[in-house]
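Here the structure comes first, spelled out in structure tokens, and everything after it is commentary.
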Amino acid sequence: RKEVEQDPGPFNVPEGATVAFNCTYSNSASQSFFWYRQDCRKEPKLLMSVYSSGNEDGRFTAQLNRASQYISLLIRDSKLSDSATYLCVVNESGGQNFVFGPGTRLSVLP
Amino acid sequence: GAVVSQHPSWVICKSGTSVKIECRSLDFQATTMFWYRQFPKQSLMLMATSNEGSKATYEQGVEKDKFLINHASLTLSTLTVTSAHPEDSSFYICSATGTSDTQYFGPGTRLTVL
């Protein structure tokens with residue numbers, strides 16, 4: 001079983017749609033969680049850190065469920081510019097052990 | 001937010017030569033830096049983790065004599081690909097963490113070995 005798993009994707013949605021991604025992790029001792037977006041041939045860019053039950057930033061909402069060991073990312077009113085690969089990253093044990101999910105590709109269509 | 005730079009952004013070299021990539025944290029002190037490699041349409045693969053002033057910890061399967069990492073200061077880490085071959089062609093990305101556990105990524109270096 002992989003340590004961090006994500007929805008396989010790709011997700012193709014129309015502009016304005018609401019889309020949700022799920023990420024599950026296997027290490028119950030994981031301390032902190034992050035969502036990054038990565039555009040093609042570019043580096044990952046931090047979208048959101050998730051330390052407690054959730055976090056909201058504009059159209060983006062992340063939720064953490066420690067009991068079920070999953071993190072979700074909700075994007076409302078999706079824009080063409082939201083098209084990217086979304087990476088779920090888990091920091092295990094509060095140290096420097098970051099585990100990346102495989103990513104979920106989103107394409108927002110006009 | 002924290003800024004991490006990489007240099008060069010792209011490099012083309014002949015097989016057998018060595019290439020050095022620099023990773024700098026511009027506005028914070030990076031206690032830990034990470035080096036990743038990413039092949040087209042694949043996930044990021046962690047190569048090694050380095051803490052300032054100590055030897056890097058390499059992931060399984062990564063040759064430490066081929067990928068030399070130096071983290072001599074709190075703002076600079078270098079990755080040297082020694083005797084590069086075409087199969088080393090990839091997108092190399094560094095990241096850094098400071099006092100928080102948030103990773104900030106450099107813009108990446110695209111290496112092409114002919």
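Order of the sequence lines fixes the chain letters, A, B, ..., with proteins taken first and strands second; residue numbering starts at 1 for each chain.
- Of the two parts of Thr97(B), only the side chain, counted from C-beta on, holds a non-hydrogen atom closer than 4.5 Å to a non-hydrogen atom of chain A.
- By the 4.5 Å heavy-atom criterion applied to side chains, Asp101(B) and Phe98(A) are counted as neighbours.
- Rounding to the nearest 0.5 Å gives a distance of 12.5 Å between CD of Gln103(B) and CD of Glu43(A).
- In the hydrophobic clustering of ILVMFWY residues, with side-chain heavy atoms under 4.5 Å counting as a link, Leu74(A) and Phe34(A) come out apart.
- Proximity to chain B is absent for every atom of Arg105(A), based on heavy atoms less than 4.5 angstrom apart.
- No more than 12 heavy atoms of other residues, nucleotides or ligands lie within 6.0 Å of CD in Gln63(A), so this atom counts as exposed by the packing criterion.
- Hydrophobic clustering of Ile, Leu, Val, Met, Phe, Trp and Tyr side chains at less than 4.5 Å, counting indirect connections, keeps Met33(B) apart from Tyr36(A).
- Atom-to-atom distance recorded for Tyr36(B):OH and Phe100(A):CZ is 3.5 Å, nearest 0.5 angstrom.
- Between the side chains of Gln38(A) and Gln38(B), at least one donor N or O lies within less than 3.5 Å of an accepting N or O.
- In this structure, CG on Asn97(A) lies 8.0 Å from OG1 on Thr49(B), to the nearest 0.5 angstrom.
- For Phe105(B), the parts lying near chain A are the backbone and the side chain together; criterion is any non-hydrogen pair under 4.5 Å.
- Considering only heavy-atom pairs separated by less than 4.5 Å from chain A, the leading option among Gly108(B), Gly106(B), Pro40(B), Ser95(B) is Gly106(B).
- Within 6.0 Å of NE2 in His85(B) there are more than 12 heavy atoms belonging to other residues, nucleotides or ligands.
- Placement of Val89(A) and Met45(B) in two distinct hydrophobic clusters is found when ILVMFWY residues are connected by side-chain heavy-atom separations under 4.5 Å, directly or transitively.
- For Lys66(B), the NZ atom is densely surrounded, since the number of other residues' heavy atoms within 6.0 Å is greater than 12.
- Taking hydrophobic clusters as Ile, Leu, Val, Met, Phe, Trp and Tyr residues chained together by side-chain heavy-atom distances below 4.5 Å, Ile71(A) shares a cluster with Phe60(A).
- Residues Ser43(B) and Leu87(A) have side chains not in contact (no heavy-atom distance under 4.5 Å, counting atoms from C-beta outward).
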